[in-house]
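Atoms within a ligand are numbered from 1 in the order they appear, just like the ligands themselves.
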Amino acid sequence: MANPKHSPSVLVLFLVLLLLSIAASVANSDVFSKSLSPSALELKHEKLTHLHFYFQDILSGKIPTAIRVAQAPTTNTSSTFFGAVNIIDDPLTVTPNINSTLVGRAQGLYALSSQEEASLMMVMTFSFLEGKYNGSTVSVLGRNPPFNKVREMPIVGGSGIFRFARGYAQARTNTFNLTTGDACIEYNVYVLHY
Ligand SMILES: *[C@@H]1O[C@H](CO)[C@@H](O)[C@H](O)[C@H]1NC(C)=O
Ligand SMILES: *[C@@H]1O[C@H](CO)[C@@H](O)[C@H](O)[C@H]1NC(C)=O
Ligand SMILES: *[C@@H]1O[C@H](CO)[C@@H](O)[C@H](O)[C@H]1NC(C)=O
Ligand SMILES: *[C@@H]1O[C@H](CO)[C@@H](O)[C@H](O)[C@H]1NC(C)=O
């Protein structure tokens with residue numbers, strides 16, 4: 001009687017199963033979607049982080065950090081500058097002094113988008129440089145009427161440390177020069193992430 005361990009039919013069955021499992025794993029790489037447990041991405045406890053910094057919006061001088069790239073033909077005659085669009089790459093500093101430690105940059109744009117009052121539609125990414133936050137970002141999308149005492153804007157997502165981010169940012173004007181348009185804005189950002 002043949003030893004079942006060495007029987008040819010068992011070996012053939014084993015090889016067929018091996019080939020099927022290889023074929024299945026190759027097919028898997030073409031799968032469009034599947035559910036994952038959050039632990040597969042090492043997502044454990046959601047944390048709340050508070051970030052505090054000053055946003056330096058410089059329109060004047062040789063190296064402005066906010067530049068007008070577009071406006072409507074009627075923007076000049078609008079008391080709310082309706083239709084103007086600025087692109088920004090604004091330093092985020094640790095104190096109101098523009099020469100204090102740079103903790104990140106605010107890159108994106110704001111558009112004057114109200115006919116009733118001066119109000120900005122903010123579409124920007126805070127890109128951080130400081131310590132463990134270096135390379136991580138949060139994305140802000142919201143309404144910012146700059147003459148209000150406190151403006152609140154949603155944090156709609158993030159990257160790096162801030163993957164799966166949600167939260168809000170509160171902006172308060174620290175200084176605003178009416179002649180040049182230069183402004184220093186205090187930001188408090190509250191963000192939930194893993
Ligand atoms: C509107 O503003 C632009 C850009 O600042 C300027 O070149 C233009 O002369 C202005 N037009 C009027 C009618 O003031
Ligand atoms: C920041 O540094 C620049 C260049 O060194 C200098 O011209 C400016 O006065 C400084 N500003 C402040 C507020 O310290
Ligand atoms: C942030 O990361 C960049 C690129 O990895 C590196 O060149 C830079 O020195 C870092 N900055 C700080 C402040 O750690
Ligand atoms: C606004 O900026 C102008 C030009 O740099 C300067 O002369 C003036 O003192 C500034 N005003 C305030 C309130 O800082």
For atom 4 (C) of ligand 4, closest protein heavy-atom neighbour: Thr180 CG2, 3.7 Å

Atom 5 (O) of ligand 3 [closest protein heavy-atom partner, distance rounded to 0.1 Å]: Asn134 ND2, 4.7 Å

Ignoring hydrogens and angles, state whether a donor on the side chain of [X] or [Y] is under 3.5 Å from an acceptor on the partner side chain.
X      : Y      : result
Asp89  : Thr65  : no
Thr137 : Ser127 : no
Thr80  : Gln115 : no
Gln56  : Asp182 : no

is_close_aromatic(His193, Phe164), centroid dist under 6.0 Å: no

Carboxylate-amine/guanidinium contact Glu130 Arg105, below 4.0 Å: no

Strictly less than 4.0 Å: does any protein heavy-atom distance to [atom] fall in that range?
atom                    : result
atom 13 (C) of ligand 4 : no
atom 9 (O) of ligand 2  : no
atom 2 (O) of ligand 2  : yes

Nearest heavy atoms of Phe162 and Val191, plus distance in Å: CE2-CG1, 3.8 Å

Which of the ligand 4 atoms, numbered from 1, are nearer than 4.0 Å to a heavy atom of Asn177: 1 (C), 2 (O), 3 (C), 8 (C), 10 (C), 11 (N), 12 (C), 14 (O)

Distance filter under 4.0 Å to Asn99 heavy atoms, resulting ligand 2 atoms: 1 (C), 2 (O), 3 (C), 8 (C), 10 (C), 11 (N), 12 (C), 14 (O)

Ligand 2 atoms in contact with Asn97 (distance to a heavy atom under 4.0 Å): 12 (C), 13 (C), 14 (O)

Residue Leu129 vicinity, atoms of ligand 3 by number, heavy atom under 4.0 Å: 11 (N), 12 (C), 13 (C), 14 (O)

